[in-house]
Amino acid sequence: MTIVAKFGGSSLANASQFEKVKNIVLSNPERKYIVPSAPGRVHKDEQKVTDLLILLYDLAVRNLNTREILLMIKDRYQAIIQDLELSIDLSQEFETIEKNLLSDLTLDYVLSRGEYLNGKLLAHYLGYEFMDPMELIYFLPDGRVDGKRTYAALDAMAKEHQKVVIPGFYGCGADGKVKTFSRGGSDITGSIIACGVSANLYENWTDVTGFLAADPRIVDKPHQINFITYPELRELSYSGASILHEEAVFPVTNKGIPIEIRNTNAPEEEGTYIIQDILDDPKEPPITGVAGRKNFSVINLQKIRMSQDLSFLRKALTVFEANDVFPEHIPSSIDSLSFIISDSYLENKRERIISELKTFCAPDEISISSGIALVTIVGRNMKNRVGISSKIFTTLADNNINIQMIVQGASEINIIIGVREEDFAPAQKVIYEAFFQKEPK
Ligand code: ASP
């Protein structure tokens with residue numbers, strides 16, 4: 001049996017966290033491939049090394065003094081080395097980084113050093129071999145992972161090596177230079193490695209015991225989800241429940257390898273198990289969890305007999321494509337189309353997009369409004385049960401929450417509702433309570 005264990009930044013933030021990780025890893029010889037993040041934070045006032053590295057890069061590209069920030073970064077690693085009384089010396093590594101800051105500077109390279117250095121430290125501390133993902137994880141020119149090359153490299157590696165630490169978050173770009181995933185991307189590395197070495201389990205160790213059925217900042221003590229399917233997890237992760245990178249599900253899905261979310265600070269507790277399929281149990285609630293995201297805008301286009309104009313939607317989508325804007329949902333009626341778009345896409349582009357839509361689509365009316373939040377209700381069991389939407393809508397109506405938009409995905413594992421931003425938290429709270437805390441009517 002082979003386990004790939006990924007440890008997040010808070011699990012490796014300092015020496016005492018390193019000790020917990022060592023205990024966990026060595027307590028099961030099947031934990032053969034270990035994927036560390038860069039040191040993160042345990043307390044709110046601490047800095048994540050990756051954030052310090054972003055600052056380091058910003059200073060370096062402007063030719064400003066990097067000494068102080070470099071020292072802060074060095075100190076983070078040095079404190080771990082000293083507290084654990086390790087014999088490893090990272091000064092050579094830091095010299096190389098400093099040299100590269102002056103010559104071959106890319107943001108991805110600088111960012112990746114957090115995981116690289118932590119991997120070196122952890123490998124030394126565990127007595128495991130260190131392997132650089134530059135030789136294991138490859139990207140294509142379009143930025144996607146080169147599956148063929150990557151999985152061949154991992155397969156070959158696994159045949160020769162066991163007990164290996166492989167830093168998360170980066171790999172080798174098509175140009176041969178370091179390329180990182182998006183933030184939180186060590187989760188993806190762990191998943192790719194689990195798939196590449198044909199692991200039986202991908203453990204993702206973090207600072208909470210599992211995936212909660214709602215955001216604990218909104219719902220008081222939501223219950224933990226013990227079992228969840230990959231698609232449900234992806235929906236919830238995408239919709240704001242942030243424990244696992246939303247992309248991390250894909251690689252393991254191919255091989256049906258389960259993911260288990262575990263808590264480094266409470267390894268005795270059972271975590272959340274993420275698997276391909278779970279049989280419907282009528283005793284289980286119809287929904288699995290609720291999550292949400294804020295900061296959306298709606299662009300509304302009205303045109304009489306729009307539904308008879310085959311080119312209308314295409315033209316509107318062309319404008320969005322030309323502006324690199326991704327409309328998340330497109331609810332429609334016979335004479336109108338609405339595009340729900342994350343504000344992050346619209347920054348500095350609102351006026352231009354409106355003007356181009358006016359010119360290209362010639363609508364009778366066009367309007368844009370912001371302050372929309374999306375609340376997603378996820379549940380694999382929804383499709384087999386009657387009355388779920390009715391319960392959601394009645395609950396919202398009873399609480400005087402106005403629904404601005406409704407989308408149900410064809411897979412019927414989610415219902416998404418658009419509400420005003422001020423209703424973002426109340427909507428999630430009342431829906432959670434309706435399904436999990438109140439006696440069914
Ligand atoms: N260290 C990176 C970040 O903070 C990647 C990761 O932790 O997964 O985003």
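Computed over heavy atoms, backbone and side chain alike; hydrogens, waters and symmetry mates excluded. Indexing begins at 1, ligand by ligand and atom by atom, following the structure's order.
Between Tyr151 and Tyr138, a ring centre-to-centre spacing not shorter than 6.0 Å is recorded. Between Phe181 and Tyr170, the gap from one ring centroid to the other reaches at least 6.0 Å. Between Tyr116 and Phe130, the ring centre distance stays below 6.0 Å.
For Lys177 and Tyr109, the positive end is not near the middle of the six-membered ring at less than 6.0 Å and at most 45° from its axis.
Residue Ser37 has at least one heavy-atom neighbour below 4.0 Å for each of these atoms of ligand 1: 6 (C), 7 (O), 8 (O). For ligand 1, the atoms lying closer than 4.0 Å to a non-hydrogen atom of Phe169 are 2 (C), 5 (C).
In this structure, atom 6 (C) of ligand 1 lies nearest to the protein heavy atom Ser186 OG, 3.3 Å.
The option with the heavy atom closest to atom 5 (C) of ligand 1, from among Arg183, Arg41, Glu115, Lys48, is Glu115.
At a 3.5 angstrom cut-off on N or O pairs, Lys6 does not count as close to ligand 1. Not a single N or O atom of Gly9, backbone or side chain, sits closer than 3.5 Å to an N or O atom of ligand 1.
The shortest separation from a heavy atom of Gly185 to ligand 1 is under 4.0 Å, placing the residue in contact. Residue Gly114 places every heavy atom at 4.0 Å or more from ligand 1.
Taking 4.0 Å as the cut-off between side-chain N and carboxylate O, Glu203 and Lys6 do not count as a salt-bridged pair.
When atom types are taken as modelled, the side chain of Arg31 and the backbone of Ser27 share no donor-acceptor pair closer than 3.5 angstrom.
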